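Sequential numbering from 1 along the given sequence is applied to the chain's residues. A quick note: this is a predicted structure, and the numbers were derived from the prediction, not measured. We count ligands from 1, going down the list as the structure has it; atoms in each ligand are counted the same way.
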Amino acid sequence: MATIYESIGVPTIINAKGPSTRVSGGILPAEVAAAMHDASQHCVDMAALQGRASEIIAEITGAEAGLVTAGAAAGLLLGTAACVTGLDPGKMNRLPMTRGMKNRVIVPRSHRNFYDHAVRAVGVELVEVGIADRFSGAGVRDTEAWEIDDAIDEATAAILYVAQPFALPPLPAVVQVAHRRGVPVIVDAAAQLPPVDNLRRFTTEGADLVAFSGGKAITGPQASGILCGRRDLIAAAALQNLDLDVHYDQWDPPPSLIDKSKLVGLPQHGIGRSCKVGKEEVVGLLTALRLFVDGGMEARQVECRALADELYQGLRGLAGASAAPLADCSRPGIPGVSLAPSTMEAGELICRLQAGSPPVYADPSRAHEGMVRFDTMCLRPGDPAIIVRGAKAALAE
Ligand SMILES: *Cc1c(COP(=O)(O)O)cnc(C)c1O
C-alpha cells in the first residue's frame, strides 16, 4: 500500500539516528495513533483537557501539577516565563520586555546548549557561572553550588539545570542553594528517559519545574512534551499558553490547573501562545505516557535488542569496515551497532548512506572518532536488512 508520503512525493527514510526532530522523531505505537484519531473527532474545552492532563502527569511524576506542551523546548520557554511573571497578568502581557522584572537566569557554564534559546526567547539574560576546568585535563572542577549562590541577586528569576548522568554540580546541591534564596530551579530533562524512574527523580530531588520531550523515548507525538512541577508555576505557564479570548467571568478553568481566585484578571495571549498544543497531542502524549510507565519501555528495549542483533549479524561480515555491538546507543538500554569504515572517512559513509535508496540516516555523533553509529530506537521490523544493503552498497562505491 502506498504511504501518504509516497502520494505527495516525499521519500521515507530509515531512521537509525534516534528520535531527533530533523528526522521526524520516531514511530507512534498504534494505540497512540488511534487515540489521536479519536481525539480529533470531538471538541473539548482545552483548559478542562489540560486540567485532567495535569492530574495524570502529577500522579505519574509525583509533581504537584503538569502541562502537556508542544515539546521540551516549549516547556522550557513556558517554564521560564512562569518564573519571571508568577501569576501577574500585567507582566505576562509585557513579555518579552522584562524591564523591572526578575530577568536573569543562572546556568552552570558547562550546561549551555543550543536548546537554551527557548529560555532566552522569554527576554531573560542567561548568566553563566563557573568553569568546566575538567576539560583542561589538569583541572578537576566544574561549576560548584556555592558559585551559583554567589551569582544569585534580586533579578534572578530561576536557575536552569540541564540534566545528564554526568552533569555537575549535583542537582540536590543546586536546589539547596536556590531554595535558600527563594529561587526556582528549572530542569531540562528532555532526553533523560529511560530510565522510567527519571520521570519522578528530578522532582524528588527538589526541582520546581521539569521539562521532558514527549516525542523521544515516551514515543508520544513528535510535537509534544511535559512540563511538571509547582502548582503556581504550572498555572502561570498554562495561562501563557492557552487562548484567552474570553471574559474573566465566563471562564471557569479547572482548579487542578488554575486557581482563578489568585488572578486579578486574565492576561492577553501570552508569550507561549505560539507554542500551542492541540487536543490530539495532549491525548496522544497521555496515552503514550501511560504505555511508557506500564511496561512499554521494557517491551521496546526487548524489540530493540533483537533489531540490534540482526543488524550486527548483517554488518559484521561487510568488507571495508568493522562492526561492533553497542549496549547503549542513543539511550541507556537501547542498543545499537557501530561501524568503522577502513576505506573512507566516517563522514563520507554517512553522506553515502543518506544518498542511498531508501536513505539511511545514521548517528554522526562519533564520526570524529571514525565511527558511524546505528541506533535501534526508531527502527521498524525489516529495517536492519535495508541498512545492511545500504552499507554494503555505500562501502563498495
Ligand atoms: C531534545 C532536547 C530538547 C528539545 O526537546 P523537544 O521535545 O524536541 O522540544 C531540549 N533539551 C535537550 C537537552 C534535548 O535533548
Would you call the rings of Phe202 and Phe212 parallel, tilted or perpendicular, taking 30° and 60° as the class edges? tilted

Quick test of your reading of the model: are Arg141 and Asp133 salt-bridged, counting only N-O distances below 4.0 Å? no

Lys/Arg N to Asp/Glu carboxylate O, Lys260 vs Asp252, below 4.0 Å: no

Ile271 side, atom CD1; Leu77 side, atom CG - distance, nearest 0.5 Å: 5.5 Å

Which distance, rounded to the nearest 0.5 Å, do you find between the CD of Glu128 and the CG of Leu126? 7.5 Å

To the closest 0.5 Å, what do you measure between OG (Ser213) and CG (Leu193)? 8.5 Å

Residues in contact with ligand 1, criterion: heavy atom under 4.0 Å: Thr21, Gly71, Ala72, Ala73, Tyr115, Asp188, Ala190, Ala191, Ser213, Lys216

